[in-house]
Structures are given as structure tokens and as C-alpha cells.
Amino acid sequence: MKDISVVLWNGETTKVNAQSTFNEILKEINPQLAQKALAVKANGFKKDLYDVPQEGDKIEAITFDSEEGKEIFFHSTSHLMAQAVQELYPGTKLAIGPAIAEGFYYDFDTEHTFTPDDFPAIEGKMKELAKKDLPFQRKVVKKEEAVRLFESKGEIYKVELLNEITDEEVSLYLQGDFIDLCRGPHLPSTKKIKAFKLLSVAGAYWRGNEKNKMLQRIYGTSFNSQEALTQYLDMLEEAKRRDHRKIGKELDLFSFHDEGIGFPFFHHKGMIIRNLLENFWREEHRKQGYQEIKTPIILNKALWIQSGHWDHYKENMYFTKIDDQDFAIKPMNCPGGILVYKNKLHSYKEFPMRVAELGLVHRHELSGVLNGLFRVRSFTQDDAHIYMMPNQIKQEVQNLIEFEGFFYRTFGFDFHIELSTKPENAMGSDEIWEKATSSLKDALDEKKLSYKINEGDGAFYGPKIDFHLKDCLGRSWQCGTIQLDFLMPELFDLYYINQLGEKDRPVMLHRTILGSLERFIGILIEQFAGLLPTWIAPVQVRLLPIADRHISYGKDLEKTLNDQGIRVELDENNDKIGAKIRNAELQKIPYMLIFGDKEIDDNLVRVRKQGKGDLGPSTVDSFIQKIHLEIKNKTLP
RNA sequence: GCCAGCGUAGCUCAGAUGGUAGAGCAACUGAUUUGUAAUCAGUGGGUCGGGGGUUCGAUUCCCUUCGCUGGCUCCA
């Protein structure tokens, strides 16, 4: 009675009973896989394991190992959580509960105010429900019927969602007494959910609109084994341990004060990092033929009206008055840079003309989004504006991609690229947008770089390429950007003299590499957990005398190293060597030089490397040589 | 900005159903002179984020304000 044929994942065709579920088919063909399967893909459509195939379906099992599998797993866990919440807090209304990148959430509307203290009870209930081995049952009903059902249950949010669905039929998912509007698919049973944890509670506007009611969102994550969950939770702990706000305080790098919220204060050691980063940046830009300028922080309102910021960016700007005239604190560097361009007549021979500026900008960000050095209200962009002819775009963009990559590799970051295209409210003709976008695309394609396209996500004046750094914990940070701009040259009537001696309109390119110096420093701190590469470490060497009588030898060493341009500190505390080592380790100082009677007699030091331990004795000269090489090569720890 | 939680010594944190606070580390002083992640002892240090209210009395309860943390993007 095997009456239909299906195509398996390995390409084989096989006959199956038309009534067999996907689950049964999998079990028959590959019991091990059936054990792991969470759902299936039939002809590319995701289906429940309890579903049945159609003639000719191409079947593929979905497991937790794939993104799709995780999504289904997370989504089912969110249903499980919602069930638990409704059982514990009857009358709770459900909004939405999707899977997200590393877990799930569900938005609830209830009188009860959730706090993390409620999590153990909810988790307990979830465990209990999971153990019951409740199947996730799909039920397809007429939309009207679903509306009536959810109206009777007072699920106003579900009704609102239903009213926006145009299909005649919708699917519901049931597990036990719990019922939810859901497209599916889901796990076969709650029992598959082996390990989960609720992580945080937060407010979230219904449909993300601040005019709507604020709901309570509970975030969580789940895994198909306890070990995987533990591993994930360890990763979160590790991220906490690396938090740049914590390390910045411990290592005395920077601070924040009530007297200027969102405005970071850089301490001496933080300034060392900053200055080294700037020096490196300047040197590399010089090699690439950049000029450097510095434009004022406060500029007349008229400039900002001309640039369009007054209309488009006012909400984010700070203002002030000078001699009764209105001024703005710059939120971007371009208008000031353009004034420099206009200060003099330019020839095509200067193009591409690369003008860099480490520009301090101020932006009024909502208080709730501020976050350490990552999101501040004043920061230094490593900006540059490149003026050129349209036919120079591709080459220049390729140069830039290379240049950006060089910076990121120096710090050991992986990165990926995204390309954003014309948005709804774009300025300029389709033709010029097409040309601009394809220039960027060509530049990327020719370099055989893969990139993700964000349709409609470009700036209103041009398409852009964004660089997203990936740190050692797999988190990604947007840093660099390359934006093509046809608008500003127009608005400011920029021109150059072309080969024919005529006035012509240049194309402008805005770009950053590090993005914001402050933010980049924050990212570096987290990437290296405070243990920065020796070349950029605030203190490179700490000298640790065994006993007080060795301090004078230490003072000589200090002078020697200092004269060699090495950032060095002498520990004169009356501590045992173990304590001195501990302090230096905690301060993340790359090298410790230890010396007592034995070393002094032979004019040696014992080298200890942070995190690695004792490297044995060395002459001072040999140590200096090695550390100089490491600094020169910008060796990563 | 909105929701929730939090704010106690330089740092990390404890604490009292309302009777004006405590530990560890750090700092300082002294002893010790130390050999690869914390030597011992002593001392000083706080308007318990700010303001207001209730009270005989508030750091504790209430209101308000400021700040910090997580989130408010992933659309059944």
C-alpha cells in the first residue's frame, strides 16, 4: 500500500504510504535522524513532523544544528513559557512570542509585574509541562472561528493580529489546554525541550510603537541539551566578565559622571590607548595620501540649514548662542569639511582628494540608550571625506575596503560587509542611484567579497557599505562605513575644474574605519578582556623587586626601559612577590620583570608574561629587543 | 523618552518589621625583607544618590528628582 513517492534528502526516491507522517517516514528510513528531527522541510516548506507528505515532495529533516531548527525550537519554547505564565497568572493576555537569534521572548499584558524573582516559578512550571510530553497540535480553522475563539478568551492582541491577516484560514497550535495563533511549525512535543532558562524581563511597546501600550517581555533561551545551555550561559558570563565598563573602571581607563551624562572622561591610561590608536591611524592615513584637517565644534545655524541637518537631524543636535546668534554643536563633520573644500579652487588633478578628520561630534541620544563607551553623546569619528570624479568611485572604494580590512586585521577582528541600497525617501535620480549602487557592487564583486544586501537601508543621499566586526565571542559591531554622497556637493555647490577647464560637480564619499574612537576602544577592551596587545597597552612592563633592597636596581631598570620608549612602572610596595604578581596580573600588564639577589648579581631579570607565567631569566637588552619587536609588529596576545 | 530593577566607604557587597550602619579589598601607619596570583597588626574613611513628606525619630515607609542596568529592531 505504498502509494506515493517522495524524494529524500540524499536524492533517492522512495515509495511511502500516503497516510504516513513525516515522523514515521523518518523513523523507517533513518531512526537516528528521526530522533534528532524537530520538523521537516517538504519542497522547501517547513512542516510539522505529524504532517503527511504529498506526491513527489522533497523531504529534508530539520534538526537543532541548523538555524531553522533552532528557530523552531526557540519558538516552541516561547509557547511553553506562555503556557506556564498563563497557568501561573490566569488572565494574562498574549501578544507575540517569536524566536530571536539566540533564544526567544514572549510579550505579555498582565496586572502582575514580572521580576526575575518570578523566573524560578515559571521555569518550574515549564519543566512540569515539558515532562508531560504534550504534543504541539496544529489545527487549521476559518479566520472568523479563530477570531471568535480569541475574543471569547479576551485575547485582544491575537484578535488584532487576526484582523490583519487576509487569509481565509489560519493555523492554531495547541499543547494541553494552551492555544495560540501560530504559523508553525513546532516541535512534535514539549518533551523535546530539554534545557531552557529565562534571562530577563523588559518593557516593550505593543508592535514596537511607542504610542501603544507597554507590555512585559520575558526573554529566554533553550537548547536540546543541558550541556549546550550551560555552555551558552558560560558565554554570557564571559561577556559580563569582559564588559568594558567594568574593566575601564578596574584599569582606571575612563569614567562617567553625573555632571555630564553620556560624555566620557578619559583618564591617563585611557588616553595612552587613545593616543596610540590615533598615532597609528594618522601614520596609516599619511601613507595612503590623506590630508588631515580639524574643523570647529560650534558652527553657525545657517550652515546646518544649508546642509539639511536643521530639517533632518535637529532632534539629535545641541544648540547654543554666541552674540545673540544661533549656533549648533556639530553632530557630523561633513559641513565643516566642505567649508574647507570650498576655501580654494580645486582641480581634477587633486582627485581623489582624501581629507581626514578626527572630529569630535555631539549627538543628543535618548537617555535610555546610553551604554558605556558604546553609546555616548559625544564621540570622535575617524572621519574622512573623499572628493573625486564619478569614474573614480570603484577604484577608491576598493582601496578603502582594503584599507579598512587592514585596520581590523591588525586587531584580530573578522568582519563581514553589508550593502545598503536606495531608501524610500531618497534624493537624486534613479539613474544616479543605479550608477552609484552598481559602482559599490562592482567594487565588492571584483574583490570577490561576499556581502549581505539591505534593501532600502541606505542614507538618503546615497548607498553605503557597512563593516561589521566580529569579536572573539561572536558578537558583531558595526564600525566602518563607506557612503556615497551626491547630495552635499549639490547643496553646497561644490565644483572642481575638469580636464577641459570647465566647472564640474565632484562626487563625495564619507567614510569611517574605527567608527568612533571611544566605541572602538570599548570594543578592543572586550575583545581582549582588558589584556591589550603590548603595543597599545597603557603599561607594558611592571618591575617587581623581590625585596626592598632590590628597589634601587629597579629604579635603574625603570630608567633604562623608559629611555627605550617602553611604558614601565616600578612596584615599590612592601608586598611579597606573590602579591606583586597578582596585582600586575589583575592590571593586565603584559610583562612583569622580577629580580632579586640572583638576577642582580648577573645583571639579569626574570620575565613573566601576563596569563602565561614565568618565561625564565633574560638579559635586559634581550628583553628590550624582544618587546620592541613585539611592539613594532603589533603582535596580538 | 517609555517599562522594570537598582543606587550604602575609593572598589565589591552585607544590613536593620523605623531607634542616625558593617565586612573584605584598597588607602594610611607599623612590623616583616619576602622567589612567581593575596604576610601580619593597627588607623582613618559614610550627610546610606539629591530634595520633600509621614513620624518623637527616616538610610529604612511614601512622593519626587537625578543617575545606573536590562530592554523597547527580529512582527502569529
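Just so you know, these numbers use all the heavy atoms, side chains as well, and skip hydrogens, waters and symmetry mates. None of the values given here were measured: they were computed from a predicted structure. Throughout, a chain's letter reflects where its sequence line sits, starting with A, and its residues are numbered from 1.
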Any N or O donor-acceptor pair under 3.5 Å from the base of [N] to the side chain of [X]?
{"X": "A:Gln216", "N": "B:G71", "result": "no"}
{"X": "A:Tyr205", "N": "B:G71", "result": "no"}
{"X": "A:Arg549", "N": "B:U33", "result": "no"}
{"X": "A:Arg606", "N": "B:U36", "result": "yes"}

How is [X] classified with respect to the nucleic acid when contacts are heavy atoms under 4.0 Å: base, sugar-phosphate, or nothing?
{"X": "A:Tyr105", "result": "sugar-phosphate"}
{"X": "A:Arg207", "result": "nothing"}
{"X": "A:Ala204", "result": "sugar-phosphate"}
{"X": "A:Asp614", "result": "base"}

Minimum heavy-atom distance between A:Arg242 and A:Gln527, given as atom pair plus value: NH1-O, 2.7 Å
Do the side-chain N or O atoms of [X] get closer than 4.0 angstrom to the phosphate oxygens (OP1, OP2) of [N]?
{"X": "A:Lys213", "N": "B:C2", "value": "no"}
{"X": "A:Ser367", "N": "B:G1", "value": "yes"}
{"X": "A:Asn371", "N": "B:G70", "value": "yes"}
{"X": "A:Tyr219", "N": "B:C72", "value": "yes"}
{"X": "A:Arg245", "N": "B:G70", "value": "yes"}

Only pairs with both distances under 3.5 Å count, Watson-Crick or wobble alike; so what is the partner of B:C40 in this structure? B:G30
Tell me, which pairs form a side-chain hydrogen bond (donor to acceptor under 3.5 Å, both in side chains) where one or both residues lie in residues 143-156 of chain A, sequence neighbours left out? A:Gln86-A:Glu155
Distance check, C1' atoms only: B:U8 and B:C13, in whole angstrom units. 9 Å
Taking atom C1' in both B:U73 and B:C66, compute the distance separating them and give it to the nearest angstrom. 29 Å
Look at the side chain of A:Ala579 and decide which nucleotide, out of B:U36, B:U39, B:G70, has an atom nearest to it. B:U39
